[in-house]
Amino acid sequence: MAVNAIDQTRRMLSLVTYLRERPGAHVSDVARAFGITEDELISDLDVLPMCGTSFRGGDLLDIDTDGDRIWWHNPDDVAEPLRLAADEATALLVAARAVATLPGLRESDRQALLRATAKLEAAAGEAAGASSRLSVTFESEGGVFADVDRAISERRRLWLRYYSPARDELTEREVDPIRLFAVGHTYMEAWCRLSEARRTFRLDRVAEIKLLDAPAAPPELELRDLSAGLVQPSADDPEVEVEVGPGGRWVAEYYPHDSAEELPDGGLRITIRTPAPASLRRLALRLGRDGRIIAPRDLAENARRAAREALAAYDSDDAQRQD
């Protein structure tokens, strides 16, 4: 079953209490108790040490694991009553009010957040007055996130206008959302009714979104293991060979690849597997003189043609400006 962001937050809060009462708990036992995989638990444990009672970086949760057992080294320190400085209280109040305005937030969660905010205002005293003069609004990705999160929790279908960089076009589609996750950017994994397949959508590429009344009914799918990254080429994917000069060596660090052979000029010949070879045409244009696609031949010619057309368009615009 897919877990949305709010449910994951609830789980991690429960995890703190659970671990406090069970020092040295086994990873397998904790994962079983929370109904998650051991990899998901380890992912949570990677986040918890960045949480604590201070916004300034001190008093963080000192939790680690050797892969078999989990140890919390400072539970007594973290258990001390929280005392917020004025700037911390202001930041927390501003953030709480901003989150409460998200359009996709469940009403029960909104009311709980407003009650907690009221208690914090009463405790903050003068700092609460300062925070009332500040406001934060979320950009479009925040609104998209809220709609997706609501669709997941209510098991409803979504309609999207989505920008596809591989085709450089906007497409309309209906999707059954499965989960939200973050790997550098925030993504939605969903069953796409247009392609009748599982697809991943980057939230900042969603141009428009609507929550539909139709129930979401994605097929039973095994969730992908994203520990190795979002892009995980298959051995069956077509090969693309790219040659880059010294200025294009970053490609080997940015793109998963099968091989990277050193060239005499300090460059590399890189073999990349991808289910959509045409998407690498944009890479060729970005590289410019620092690299080129050499195989397959039709993709290499397509990239050269695109480069010539882009250069011709640039020269035409430049000539018109001079006139």
What are the two closest heavy atoms between [X] and [Y], and how far apart are they?
X      : Y      : value
Leu268 : Ala252 : CD1-CB, 3.8 Å
Tyr187 : Arg202 : CE2-CG, 3.3 Å
Ala216 : Pro218 : C-CD, 3.5 Å
Val30  : Ala25  : CG2-CB, 3.7 Å
Phe201 : Tyr162 : CA-OH, 3.6 Å
Pro177 : Ala190 : CA-CB, 3.7 Å

Residues forming a side-chain hydrogen bond (donor to acceptor under 3.5 Å, both in side chains) with [X], sequence neighbours excluded:
X      : result
Thr65  : none
Asp64  : His73
Arg286 : none
Arg193 : Asp176

So how far is it from [X] [atom1] to [Y] [atom2], rounded to the nearest 0.5 Å?
X      : Y      : atom1 : atom2 : answer
Asp149 : Leu180 : CG    : CG    : 6.0 Å
Arg69  : His26  : CZ    : NE2   : 4.5 Å
Thr200 : Glu189 : OG1   : CD    : 5.0 Å
Arg22  : Thr17  : CZ    : OG1   : 10.0 Å
Arg11  : Leu41  : CZ    : CG    : 8.0 Å
Leu170 : Leu160 : CG    : CG    : 11.5 Å

So if you build clusters from Ile, Leu, Val, Met, Phe, Trp, Tyr with side-chain heavy-atom gaps below 4.5 Å, do Trp159 and Val144 land together?
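No; Val144 is not reachable from Trp159 via cluster members.
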Assigning hydrophobic clusters by single linkage (Ile, Leu, Val, Met, Phe, Trp, Tyr; side-chain heavy-atom cutoff under 4.5 Å), is Tyr18 placed with Val47?
yes
Go through Leu45 and Ile70 one step at a time and tell me if the side-chain contact (heavy atoms from CB on, under 4.5 Å) criterion holds.
CA-CA 9 Å; Leu45 295 177; Ile70 305 169; 3.8 Å; yes
Between [X] and [Y], is any pair of side-chain heavy atoms under 4.5 Å apart?
X      : Y      : value
Asp258 : Ile270 : no
Leu221 : Trp191 : yes
Arg156 : Leu212 : no
Trp250 : Leu287 : yes
Arg157 : Val175 : no
Leu194 : Arg199 : no
Leu158 : Met188 : yes
Asp147 : Val206 : no

side-chain contact (heavy atoms from CB on, under 4.5 Å) for Asp204 and Thr186? Distances and angles first, verdict last.
CA-CA 8 Å; Asp204 61 353; Thr186 307; over 6 Å; no
Which atom pairs, one a donor and one an acceptor, fall under 3.5 Å between side chains of residues 240-248 and the rest of the protein, sequence neighbours left out?
| from | atom 1 | to | atom 2 | distance (Å) |
| --- | --- | --- | --- | --- |
| Glu243 | OE1 | Arg292 | NH2 | 3.3 |
| Glu243 | OE2 | Arg269 | NE | 3.0 |
| Glu243 | OE2 | Arg269 | NH2 | 2.5 |

Derivation of the side-chain contact (heavy atoms from CB on, under 4.5 Å) call for Thr171 and Arg161:
CA-CA 6 Å; Thr171 60; Arg161 288 182 67 238; over 6 Å; no
Using 4.0 Å as the upper bound for N to carboxylate O, is an ion pair formed by Arg32 and Glu38?
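A salt bridge is absent here (no side-chain N lies under 4.0 Å from a carboxylate O).
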Can you check salt bridge (Lys or Arg N to Asp or Glu O under 4.0 Å) on Arg249 and Glu262, steps first, answer last?
CA-CA 10 Å; Arg249 293 180 67 94; Glu262 293 283 349; 3.0 Å; yes
Please evaluate residues Asn302 and Asp298 with respect to the criterion side-chain contact (heavy atoms from CB on, under 4.5 Å), reporting the C-alpha separation (whole Å), side-chain torsions for both, the decisive distance (0.1 Å), and the verdict.
CA-CA 6 Å; Asn302 186 285; Asp298 59 340; over 6 Å; no
Using only atom types and a distance under 3.5 Å, with no angle test, would you say the side chain of Glu40 pairs donor to acceptor with the backbone of Thr37?
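The answer is yes, because a donor-acceptor pair under 3.5 Å joins these two groups.
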Apart from Trp71 itself, which Ile, Leu, Val, Met, Phe, Trp or Tyr residues share its cluster (side-chain heavy atoms under 4.5 Å, direct or through members)?
none
